[in-house]
Each structure stands twice: as C-alpha cells, then as structure tokens.
Peer 1: 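Okay, here's the structure, questions in a sec.
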Number of protein chains: 4
Amino acid sequence: MSVAPLRGGQARMDELLTTTLDVLKETGYERLTIDEVVSRVHASKATVYRRWPSKSALVVAAFVHAVSHLPAEYDTGSLRGDLLAGMDDLLNEMERLADVMAGLIDEKRRNEELATALREGFLDTRRQVAAGAFARARERGEIAPDADVEMLWQIAPALVMFRWLMMGESVPREEGHRLVDEVVLPLARAGRPVSAPATPPPPPPPRRRAPPSS
Amino acid sequence: MSVAPLRGGQARMDELLTTTLDVLKETGYERLTIDEVVSRVHASKATVYRRWPSKSALVVAAFVHAVSHLPAEYDTGSLRGDLLAGMDDLLNEMERLADVMAGLIDEKRRNEELATALREGFLDTRRQVAAGAFARARERGEIAPDADVEMLWQIAPALVMFRWLMMGESVPREEGHRLVDEVVLPLARAGRPVSAPATPPPPPPPRRRAPPSS
Amino acid sequence: MSVAPLRGGQARMDELLTTTLDVLKETGYERLTIDEVVSRVHASKATVYRRWPSKSALVVAAFVHAVSHLPAEYDTGSLRGDLLAGMDDLLNEMERLADVMAGLIDEKRRNEELATALREGFLDTRRQVAAGAFARARERGEIAPDADVEMLWQIAPALVMFRWLMMGESVPREEGHRLVDEVVLPLARAGRPVSAPATPPPPPPPRRRAPPSS
Amino acid sequence: MSVAPLRGGQARMDELLTTTLDVLKETGYERLTIDEVVSRVHASKATVYRRWPSKSALVVAAFVHAVSHLPAEYDTGSLRGDLLAGMDDLLNEMERLADVMAGLIDEKRRNEELATALREGFLDTRRQVAAGAFARARERGEIAPDADVEMLWQIAPALVMFRWLMMGESVPREEGHRLVDEVVLPLARAGRPVSAPATPPPPPPPRRRAPPSS
DNA sequence: TCATAAGCGAGACGGTACGTCGTGTCTTACG
DNA sequence: CGTAAGACACGACGTACCGTCTCGCTTATGA
C-alpha cells in the first residue's frame with residue numbers, strides 16, 4: 001500500500017503527512033477528508049494520489065511517519081530508573097498518538113502494512129526498552145532469574161492503552177509511576193510463583209448469548 | 001441518537017441489530033453500509049431510519065444489544081475460582097466482540113452513548129465481577145487488606161484487550177489462566193509494596209519529535 | 001446510450017433536458033458542465049447519472065428531446081407557398097438549434113444514436129416537407145416531371161446550415177425566401193438540363209499536400 | 001493565441017502540427033489530449049506550450065497549417081471546366097479535412113482566430129475560384145449578366161459539406177459533377193428569374209415548441 | 001576550447017470536472 | 001398505518017486532463 005517517495009518534494013511529503021496526522025487527531029479516520037488535508041497545505045488531490053493510492057494509504061503513511069524514529073534506550077543504572085524512563089516515554093507517545101491510534105485500530109485489521117507499522121514502530125519499541133532493562137537488571141541480580149519478561153513488558157503499555165482507549169482517560173505521570181512501582185517491579189522481583197496451585201481449573205462457564213434471551 | 005422502538009416488530013429490530021453486528025464484524029465500521037444491512041434482511045432503508053437516526057446510532061444500538069445482559073456473578077468459594085471464571089467469561093466476550101470493538105473505538109470518541117454502552121455494558125461488568133471476588137476474598141483473609149482493587153481489576157481486561165486489539169492475537173484459555181495465577185493473584189496477596197523506594201523520580205525524558213529529525 | 005425514463009419524475013427529466021439545452025447553447029458542448037446543469041435546477045449529479053450514463057448521453061438526449069415533434073406538413077395550395085412555409089420553419093429551427101448543432105457535429109461521428117436523432121428528427125423532416133410539396137406540385141403540373149427531388153430538398157437546408165455553421169451568420173427571412181425564389185423554384189420548374197454537355201470531364205487535378213511544401 | 005515560432009525546430013513544429021491533425025481526425029477536438037499528441041512524437045508538453053498557449057491554439061494552428069496553401073486558380077477556358085476543377089479540389093479538401101472540421105465547428109464559435117482561418121483558408125478559396133470563373137465566363141458571354149455570384153459560389157461547398165458533415169456521407173466525384181451540371185450551371189446561365197412572383201409571402205408559421213406539447 | 005545559454009524530455013504540481021458511491025430524507029404503492 | 005422500493009440532494013472518492021513549473025541533459029554558439 002505504500003509508495004516510494006517521489007524524487008522531489010520530500011518536504012511536501014512531510015507536510016502532507018503531518019497535516020494528515022493533525023486532521024486525523026481532530027476528526028478521526030472516518031471524517032477525515034482528502035480535500036481538507038490538501039486545502040490546509042494548498043496542495044491538490046492529484047499530489048496526494050500520486051503518492052498514495054487511497055485515503056487509507058495516506059493515513060497509514062502518516063502514522064508510519066509519526067512512529068518512525070529510533071527506538072529509545074535508557075540505561076539509568078537501575079531497573080526502576082529504566083522502567084520509569086520507559087514509562088515517561090510511553091506516556092508522551094500516547095499523548096501524541098492516542099487519538100490517531102483510536103482511528104486506526106479498525107483499519108489495522110484489514111491493512112497488513114498498518115499492522116506492521118504499529119507492531120514495529122510502536123510495540124516493539126516498548127518491548128525492547130523493557131527487555132533491555134530487564135536483561136541488565138538480571139545481570140545485576142535485581143530481579144528473579146525466572147521473571148517472565150514476555151509477560152512483564154506488556155503490562156505497562158496494556159494498562160496505559162486500556163486507560164486511554166477504553167476508559168477514555170489520560171494517564172498522569174504519577175499513575176504511570178505507581179504502575180511501575182506497584183505492579184511491574186514487584187512482579188519482576190518475585191519471579192514466577194512457586195508452584196501453580198494444584199486445583200484444577202473450573203469448567204468453562206456457560207457461554208452467553210447476545211440478547212438477554214431470558 | 002437513542003432508540004425509540006416502534007410498537008410492532010421487536011423481532012424485526014433484533015434481526016436488524018444482529019445483522020448489523022454481523023456486518024460490523026466482517027467489514028468494520030467504516031465499510032459497513034446501511035444498504036448492505038437492509039439487503040441481508042430484505043428490509044428497506046426507511047425501516048432502519050425510522051428506528052435509528054443514523055448509521056452510528058444503528059451500530060451503537062447493535063453493540064448495546066450485544067452487551068446488554070445481566071452482569072455475571074461467580075461465587076465459587078475461592079478467589080482463584082472466581083477470577084478464573086471471570087477470565088473465562090471475559091475471553092468468551094472478547095471472542096464474540098473483539099472485531100466489533102475494534103470498529104467502534106474511534107466512533108466512541110465522538111459518541112457519548114457508545115462510550116456509555118462500552119463502559120456500563122462491558123467494563124463495569126468486569127469491574128463488578130472482580131470487585132465482588134476481591135471483597136469476598138478479603139473477608140476470607142485470602143488477600144492483603146490494602147490490595148489496590150481499582151488497579152487489580154483492570155489488569156485482566158487490559159492485557160487481554162491489548163493482545164486482541166493491539167497485537168492482533170487471540171488469547172487462549174491457558175494464557176488467561178496464567179495471567180490470573182502469575183499476575184493478579186500474586187499482586188492481590190502481596191498488597192501494596194512496603195514503601196515506594198525513596199529515589200526521586202527521574203526528570204521527564206526529552207519529548208520526541210515525530211520524524212527522526214536528526 | 002439512451003436510458004428508459006424512470007417511473008416518476010417525467011417533469012424532472014424535461015427540466016433537466018431543457019436546461020441542458022440552454023447551457024449547451026450558451027457555452028457549447030465542451031464547456032458544458034454537469035454541475036452547472038444540475039445546479040440550475042437544484043438537482044444532484046446522481047439524478048442525472050441515474051438517467052444518462054455520461055455527459056454525452058445527456059446532451060444527446062437533450063437534442064433528441066428538442067427535435068422530437070411531429071414533422072410539419074404544409075399544404076398551402078401552391079408549391080411556392082409550401083416551400084416558403086418550409087423555409088420559415090427551417091429558419092425557426094435553426095435559430096433555436098444552430099448553436100446546439102455546432103456542439104454536436106463532432107460527437108455525432110462517434111454516437112450512432114445522435115446521428116439517428118439528427119437524421120430522423122431534423123433532416124427527414126426537411127425531406128418530407130419538400131417531398132410532399134414537390135409531389136403535389138407535380139400533380140398540379142407546376143414543375144417538370146423529371147425534377148430531381150432528392151437533390152432539390154437538400155438545397156435549402158444545406159445553404160442555410162452553411163451560412164449558420166460555416167459562415168457564422170444568421171439567415172434573415174428575406175434571404176431564405178430569395179433562396180426559394182431564385183434557386184429552388186427555378187430548378188424545379190426547369191427539370192434536368194436537356195443533355196449533359198458531351199465534353200468529357202477534365203482529369204482530376206493534382207492533389208494538394210497539407211503544408212505549402214514549395 | 002497566435003503562433004510565435006521559435007528560432008529552431010521548424011521541422012519539430014511541422015511534426016507537432018501534422019500529428020495534432022492526425023489525432024484530431026481520429027478522436028475529435030474534445031477527446032484530443034496534449035499528452036497523446038506529444039507522446040506520439042516523443043516530445044514533452046513544455047515543447048507544445050512554448051509555442052502555443054493552449055490546446056485550442058494548437059489545434060487552430062494545426063488547421064491553419066493544413067489549409068495554408070496558395071488558393072487554387074483554374075483557367076480551363078470554359079466555365080464548366082473551371083467549375084469542375086474547383087469541385088474536384090473541393091472534394092479533395094473535404095476528404096482530407098472533413099473529420100477535422102467536424103471537430104472544430106463548435107470551437108470556432110468561441111475562437112475568432114479559428115473562425116478567421118476557416119474563412120480565409122478554406123471558404124475564401126472556394127469563393128475566389130468561383131468568382132474568377134464566373135468573371136471570365138461573363139466576359140465570354142457564357143452566363144447571364146445578372147447572375148448572383150455571391151449566392152452561386154456557396155452552392156457547391158454548402159451541398160458538399162452538408163453531405164459530409166450532416167448526412168455523414170462522402171460525396172463521389174460524379175455526384176459533384178452532377179451538382180455543377182444540374183444546379184450551378186443552369187442557375188448561372190438563367191440569371192435571376194424575370195420577376196419575383198407577386199404573391200405576398202405567407203404569414204410566418206407558428207413557432208414550434210421543443211417537446212411535442214400536444 | 002570550453003563555458004554559457006537555450007531548447008528539450010520528463011514529469012510534478014494546482015486546479016477543475018468527471019463519474020461513482022454512501023448517507024439520510026422523502027415519496028409512492030402495496031398489504 | 002407500517003413497509004419495500006427506490007428517487008433524491010449532498011458531498012467525498014479516486015481519475016483524467018489542462019496549463020504551469022522546475023529539473024537535468026544535450027547541443028550550439030561565442031569568448
């Protein structure tokens with residue numbers, strides 16, 4: 001769906017992409033209009049369609065553009081410092097991109113490139129930040145050797161995005177830090193629980209039907 | 001934007017709403033068309049617009065319809081049993097509604113009724129299931145008295161929805177159970193950490209700019 | 001290229017067609033815009049495209065509509081009276097349609113329906129008017145029995161259209177009448193010349209080339 | 001709108017003009033595309049627009065180029081010979097230009113230069129050929145002194161163009177010669193009719209309305 | 001001899017119109 | 001009266017062409 005940038009006009013491309021992102025934030029994917037975007041930068045529709053074959057491709061490119069920076073790396077000397085730094089970065093990114101992401105989650109189901117952009121441009125960054133921090137912490141003996149890093153890295157983005165996208169609330173810095181101190185760090189230090197309780201899992205509950213059929 | 005059901009035709013309404021949900025799952029909010037819905041049930045557009053004033057109202061109603069059942073309540077006698085039962089219910093609901101939710105997250109930003117439906121019909125159910133379970137567990141002394149219930153209940157839905165909507169993966173039952181056993185239960189039992197480390201939080205990291213401007 | 005008229009809205013169709021004809025007269029085929037037409041009658045493009053598949057089809061229909069009346073028939077009792085009446089009718093029609101025709105002559109080359117409309121709706125009317133007049137005149141003995149009717153009927157429209165379309169002048173009534181009196185009537189009365197001069201036709205002249213190649 | 005030939009590249013100009021004429025014949029004015037023309041001669045749009053300021057100017061120039069040769073003059077010694085020679089020339093020109101003319105009649109209404117080109121490059125040639133022939137014939141006493149030359153010269157082009165452009169038929173040489181022998185020559189020899197019949201012209205017929213309103 | 005200029009191809013660009021499609025309103029005819 | 005059918009005004013989409021423009025490349029001349 002993406003298109004090799006034209007020879008000239010790199011500046012024009014950036015302008016189009018950042019403007020697209022602005023409009024996206026303001027109005028959401030559905031209400032975004034190509035005409036609105038081009039009129040803001042005094043361009044013409046052809047200039048857009050010469051680069052991207054459709055509205056959705058334009059929007060995807062704008063998102064890719066927005067998340068295409070080098071993954072952050074923090075080495076503050078302590079696990080807590082690293083995680084707090086990563087959390088601050090996450091919160092900044094969400095502030096910038098939460099509205100845009102909301103408009104793209106549906107599109108992502110049908111657009112492999114967008115899915116890749118989200119994964120590689122955003123999620124992998126979170127994973128790498130956390131993975132690096134945990135690796136250094138393990139060498140320093142700060143955490144249990146069997147800590148489940150693959151689960152741990154997801155906790156912060158999952159909860160932050162849940163709050164932004166599902167609950168519709170922003171997440172203040174202190175909340176994010178509490179999340180690190182009261183959830184991530186304790187779990188990392190404790191490692192996996194000694195043994196999963198032997199009680200067999202209960203039978204699956206009866207499936208619900210959509211309408212309150214009773 | 002809300003529903004004014006006509007006297008007759010309750011069955012017709014259900015048919016329209018469930019069909020709307022089907023189309024929504026298949027094609028997403030943006031690509032859903034009223035004509036597609038009505039042609040599937042051999043109805044006419046007027047029949048839809050007599051009941052709901054817009055496409056978004058129809059879709060909201062379909063979602064409300066889908067989540068409008070009594071909140072589940074599980075009392076299995078143990079916290080773990082309750083949480084696992086709640087997790088199974090959550091996983092079932094996600095299986096049924098993940099695609100639909102993806103299509104509505106953007107619309108929710110502009111549609112208060114949809115936001116309410118999501119909150120009351122879906123999230124509050126999760127909260128109540130967990131809150132009840134934790135309350136009983138505290139009475140039984142199974143968990144620390146200062147366990148942060150408001151944070152704890154969010155962990156399961158946040159991580160499950162993160163996996164479904166962000167990572168694009170479904171969550172198998174065993175994974176859900178591991179989440180209960182290795183994250184929720186340990187945190188509940190431990191309660192809040194003795195004291196937040198006294199180290200002052202690091203200064204906020206420099207904000208990133210969108211393009212790799214270096 | 002034509003389309004069965006929709007059930008309702010015959011009035012709307014007429015309105016669209018006459019407005020199309022107006023715009024056509026004012027601006028010519030090339031500069032005519034669907035948006036201009038629909039905005040004049042407060043219609044929408046879809047209303048046009050529901051009936052006619054393209055701009056050219058609309059314009060053709062407007063022309064067909066404009067020439068779709070019963071062929072005139074004049075029986076004034078004398079050949080001269082009949083021809084003058086036919087001439088007046090021709091001049092009226094040209095006044096009404098000359099600008100339109102100018103815009104359609106090119107399109108006619110590619111549009112069989114338009115060609116048919118021009119032939120049957122306009123030219124055949126001329127032929128029939130003249131043919132009837134000459135037939136009655138021959139019975140009355142007013143003209144030579146061997147008068148070449150197939151050539152005679154063409155003279156009036158050919159010269160009038162030549163003046164309108166090629167020379168860009170309108171033809172006043174007196175000029176038209178002079179044409180009848182000084183060209184058509186004399187030729188009709190004289191019949192074919194006694195014998196074609198026996199001189200063999202000269203050899204065809206050398207073909208010219210486009211550029212003044214000398 | 002007129003031509004300002006660049007210093008070099010006369011050959012290029014000819015190439016462009018003749019190619020334009022070709023495309024014009026094939027597709028008509030409206031469908032002619034600058035891109036089509038330049039791609040056929042491996043030129044670029046700038047090369048066209050450096051010479052002619054618009055599509056219509058290019059097309060006009062192509063037509064002017066096509067009709068810009070010295071007016072023919074035939075002096076065969078007899079009126080009939082002159083007229084037949086002129087007719088052959090006319091038929092040749094129509095063969096070459098009928099399609100092009102069809103595409104330009106509409107444009108001519110709005111383009112004074114094109115109107116001039118048609119008049120001076122094509123029509124005046126016909127007029128001069130005929131006028132010369134008739135002048136010599138009058139001196140020789142071959143025609144009536146009061147023959148209406150201004151009307152006579154138009155008959156041949158009017159009828160030939162009528163056949164080509166309105167009826168959509170080509171005109172074979174014999175038909176053209178018949179036209180000379182049976183129409184033009186008899187009228188020229190007879191001169192104006194002795195007296196216009198005294199019958200007053202009939203009242204103008206009722207104007208027709210566009211739709212068959214009865 | 002080489003530099004300065006000019007025409008050239010290529011094609012991006014701002015516009016404008018096209019023809020299509022979906023929304024939400026409305027009318028018509030049927031049961 | 002509710003409904004199926006579908007016409008309608010509106011407005012966005014994605015395409016095509018016009019006329020302008022900038023870019024290098026080539027060529028052709030003049031210092």
Side-chain angles (χ1 to χ4, degrees), chain A residues 5-10 12-13 16 30-39 41-58, chain B residues 6-9 12 30-39 41-58, chain C residues 5-9 12-13 16 30-39 41-58, chain D residues 6-9 12-13 30-39 41-58:
Chain A
L6 302 191
R7 275 204 286 284
Q10 180 62 44
R12 209 72 219 251
M13 273 204 37
L16 283 166
E30 210 207 353
R31 296 178 133 105
L32 175 144
T33 295
I34 305 274
D35 284 327
E36 172 65 19
V37 172
V38 300
S39 81
V41 296
H42 195 72
S44 106
K45 279 203 295 180
T47 302
V48 168
Y49 283 101
R50 207 172 291 116
R51 292 177 162 82
W52 304 282
S54 67
K55 168 178 159 174
S56 91
L58 168 65
Chain B
L6 298 196
R7 277 198 290 285
R12 206 72 214 260
E30 209 211 352
R31 294 177 133 109
L32 174 144
T33 67
I34 306 279
D35 284 329
E36 172 65 18
V37 173
V38 300
S39 82
V41 296
H42 197 70
S44 110
K45 281 204 295 178
T47 303
V48 167
Y49 280 100
R50 205 171 293 117
R51 292 176 163 82
W52 302 281
S54 68
K55 168 177 160 175
S56 86
L58 169 65
Chain C
L6 302 193
R7 274 205 286 285
R12 207 72 215 250
M13 273 202 36
L16 283 166
E30 211 207 352
R31 296 179 133 106
L32 174 145
T33 301
I34 304 277
D35 283 327
E36 171 65 18
V37 172
V38 300
S39 82
V41 295
H42 194 72
S44 104
K45 280 202 293 179
T47 301
V48 167
Y49 283 101
R50 210 172 289 118
R51 291 176 163 84
W52 304 281
S54 68
K55 169 177 158 175
S56 92
L58 168 66
Chain D
L6 300 194
R7 279 199 288 284
R12 208 71 216 260
M13 272 201 35
E30 208 209 353
R31 296 177 132 109
L32 176 145
T33 291
I34 304 280
D35 285 327
E36 172 65 20
V37 173
V38 299
S39 82
V41 295
H42 196 72
S44 109
K45 283 205 293 178
T47 304
V48 167
Y49 280 99
R50 207 171 291 117
R51 291 175 163 84
W52 304 280
S54 68
K55 168 177 160 176
S56 86
L58 168 65

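Naming: A, B, ... by sequence-line order, numbering from 1 per chain.
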Peer 1: Using every non-hydrogen atom in the two residues, find where D:W52 and D:M13 come nearest and quote the distance to one decimal.
Peer 2: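 Minimum heavy-atom contact is CZ2-CE, 3.9 Å.
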Peer 1: For F:dT3, take OP1 and OP2 only and decide whether either is under 4.0 Å from a side-chain N or O of B:T47.
Peer 2: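 No, because none of the side-chain N or O atoms of B:T47 sits under 4.0 Å from OP1 or OP2 of F:dT3.
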Peer 1: Once you round it to whole Å, what is the distance between C1' of E:dG11 and CZ of A:R12?
Peer 2: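 Computing the A:R12:CZ to E:dG11:C1' distance gives 16 Å.
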Peer 1: Distance check needed: E:dA17 C1' versus C:L58 CG, whole Å only.
Peer 2: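 Rounding to the nearest Å, CG of C:L58 and C1' of E:dA17 are 14 Å apart.
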Peer 1: Starting from C1' on E:dC18, measure out to CZ on D:R31 and report it in whole angstrom.
Peer 2: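 Atom CZ in D:R31 sits about 13 Å away from atom C1' in E:dC18.
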Peer 1: With rounding to the nearest 0.5 angstrom, report the OG to CD1 distance, D:S39 to D:I34.
Peer 2: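 Separation between the atoms: 11.5 Å.
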Peer 1: Hey, could you give me the CZ/CZ distance between C:R51 and C:R12, rounded to the nearest 0.5 Å?
Peer 2: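 If we round to the nearest 0.5 Å, C:R51:CZ and C:R12:CZ are 8.0 Å apart.
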Peer 1: How long is the straight-line distance from CZ of C:R31 back to CD of D:E30, given to the nearest 0.5 Å?
Peer 2: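 The CZ atom of C:R31 is 12.0 Å from CD of D:E30, to the nearest 0.5 Å.
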Peer 1: Nearest whole Å is fine: how far is E:dT23 P from B:E36 CD?
Peer 2: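 Interatomic distance, CD of B:E36 to P of E:dT23: 11 Å.
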Peer 1: Check nucleotides 16-19 of chain F against the protein and report each pair of N or O atoms closer than 3.5 Å, with its distance, or say if there are none.
Peer 2:
residue, atom, partner, partner atom, Å
F:dC18, OP1, D:L32, O, 3.4
F:dC18, OP2, D:I34, N, 3.2
F:dG19, OP2, D:Y49, OH, 2.8
F:dG19, OP2, D:K55, N, 2.8
F:dG19, N7, D:K45, NZ, 3.0
F:dG19, O6, D:K45, NZ, 2.6

Peer 1: Could you work out which one of E:dC13, F:dT3, F:dA4 sits closest to the side chain of A:R51?
Peer 2: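 That would be E:dC13.
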Peer 1: Just verifying a value: how many Å separate D:Y49 OH and D:S44 OG, rounded to the nearest 0.5 Å?
Peer 2: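 Between D:Y49 OH and D:S44 OG, I get 11.0 Å after rounding to 0.5 Å.
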Peer 1: Can you tell me how far the NZ atom of B:K45 sits from the CG atom of B:D35, to the nearest 0.5 Å?
Peer 2: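 The NZ atom of B:K45 sits 5.0 Å away from the CG atom of B:D35.
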Peer 1: Using a cut-off of less than 4.0 Å, is there contact between a side-chain N or O of B:H42 and OP1 or OP2 of F:dT3?
Peer 2: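 No, outside the criterion.
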